[in-house]
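Structure record follows, encoded as structure tokens.
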Amino acid sequence: MNHPLDAAPAYQRPDLTGAPPVIEIKNLVTHYGSRKILHGINLEVREGEVMVIMGGSGSGKSTLLNTLLGLLRPTSGDIRLLGQHLWEISDVERSQLRQKMGVAFQGGALFSSLSVLENIILPLREHTKLDLNTMLIMARLKMQVVNLAGFENLMPSELSGGMIKRAAFARAIVMDPKVLFCDEPSAGLDPIVASAIDDLILSLRDAMGMSIVVVTHELESAFRIADRICVLDKGHILMIGTVDEVRASDNERIQNLLNRRTEEEILDPDEYLKRLTAVNE
Ligand SMILES: Nc1ncnc2c1ncn2[C@@H]1O[C@H](COP(=O)(O)OP(=O)(O)OP(=O)(O)O)[C@@H](O)[C@H]1O
Ligand SMILES: [Mg+2]
């Protein structure tokens, strides 16, 4: 007789084809000073989707994230979050919209002088008028969701890398956001802890119906969690597609990224030297 688990269905990605968009980006151009960083980005993220933004260092991933969070004003183009035009609404409306977005920053960005629970409760204190007991219940519930129950009185310095990420997730979801942004959620973690964070991301999507935008360098993690992947290269989108589509792409730059080969490595050594000396001339 077969083992019962053999009959268990494989993980099925939900069909998101008809799901409404929660993020719509049209012709987005962003500069730092006079330097153009994003060169006309078009991207949609659908409800309940895990969208992974991938790309080499300096390709503009964090810039895109900051622009979506309303931290950086684009030069031109349009960003719609949950149907609202991010830069056509008032500051008050933008701040309200911002509260429907959760962010788990790279490195956690926890306040070192506050306990885990105090860190997690912070957005509720800042943005709601709930009484303390209600806030505590909400924060503790989120600590359970991220598997940190019982650690509420620890200080950030007493947490492991994986626990810091979990606490950052708990703080990011304490207001029940519709959309969650995560910057490099599994960077710097050992593979087992990293894969537990991947599971957490998928369970947040499945249990809470969140749409999740993940910026990551980690290919394995990207392939595991992404419904679709957006490949950025020097501020341009090379491709948006499912994991299978990205893997099967015959675009050389995408394949180089997947094989972790940097431009320098694939250049002919003489050509590389020529470019280096040209820069210094
Ligand atoms: N505050 C800033 N002022 C000026 N230029 C910046 C600033 N932040 C980023 N840049 C430049 O914008 C480009 C894109 O940077 P960005 O941080 O978005 O890349 P990234 O894809 O997130 O890279 P990484 O994987 O290294 O985090 C880079 O060339 C970077 O030097
Ligand atoms: Mg970055």
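Atoms within a ligand are numbered from 1 in the order they appear, just like the ligands themselves.
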**Report entry** Residues in the immediate environment of ligand 1 (any heavy atom closer than 4.0 angstrom)
**Finding:** Tyr32, Arg35, Ile37, Gly56, Ser57, Gly58, Ser59, Gly60, Lys61, Ser62, Thr63, His217

Requested in this report: Decide, yes or no, whether a salt bridge links Asp183 with Lys61 under the criterion of side-chain N to carboxylate O below 4.0 Å.
Outcome: no

Would you mind writing out the side-chain donor-acceptor pairs for residues 22-32 within the sub-3.5 Å range, not counting sequence neighbours?
from, atom 1, to, atom 2, distance (Å)
Asn27, OD1, Asn42, ND2, 3.4
His31, ND1, Thr75, OG1, 2.8

Report task. Check whether more than 12 heavy atoms from other residues, nucleotides or ligands sit under 6.0 Å from atom CD1 of Ile192, and answer yes or no. Result -> no

Please tabulate, for the side chains in residues 121-130, all donor-acceptor contacts under 3.5 angstrom to protein atoms that are two or more places apart in sequence or on a different chain.
from, atom 1, to, atom 2, distance (Å)
His127, ND1, Gln99, NE2, 3.3
Thr128, OG1, Leu124, O, 2.6
Thr128, OG1, Leu130, N, 3.4

**Report entry** Under-2.8 Å protein N/O/S neighbours of the Mg ion (ligand 2), ordered by chain then residue number
**Finding:** Ser62 OG

Report summary line: Nearest heavy-atom contact between Pro177 and Gly102 is CB-N, 3.3 Å

Requested in this report: Using a strict 4.0 Å threshold on nitrogen-to-oxygen distance, state whether Asp227 and Arg205 make a salt bridge.
Outcome: yes

Query raised in the report: Which heavy atom of Pro156 sits nearest a heavy atom of Ser112, and at what distance?
Result: CD-O, 3.8 Å

**Report entry** Side chain proximity check, Leu81 to Met101, heavy atoms < 4.5 angstrom
**Finding:** yes

**Report entry** Candidates Arg80, Glu44, Glu47, Glu49 - the one meeting side chain to side chain contact (heavy atoms under 4.5 Å, CB included) with Pro21
**Finding:** Glu44

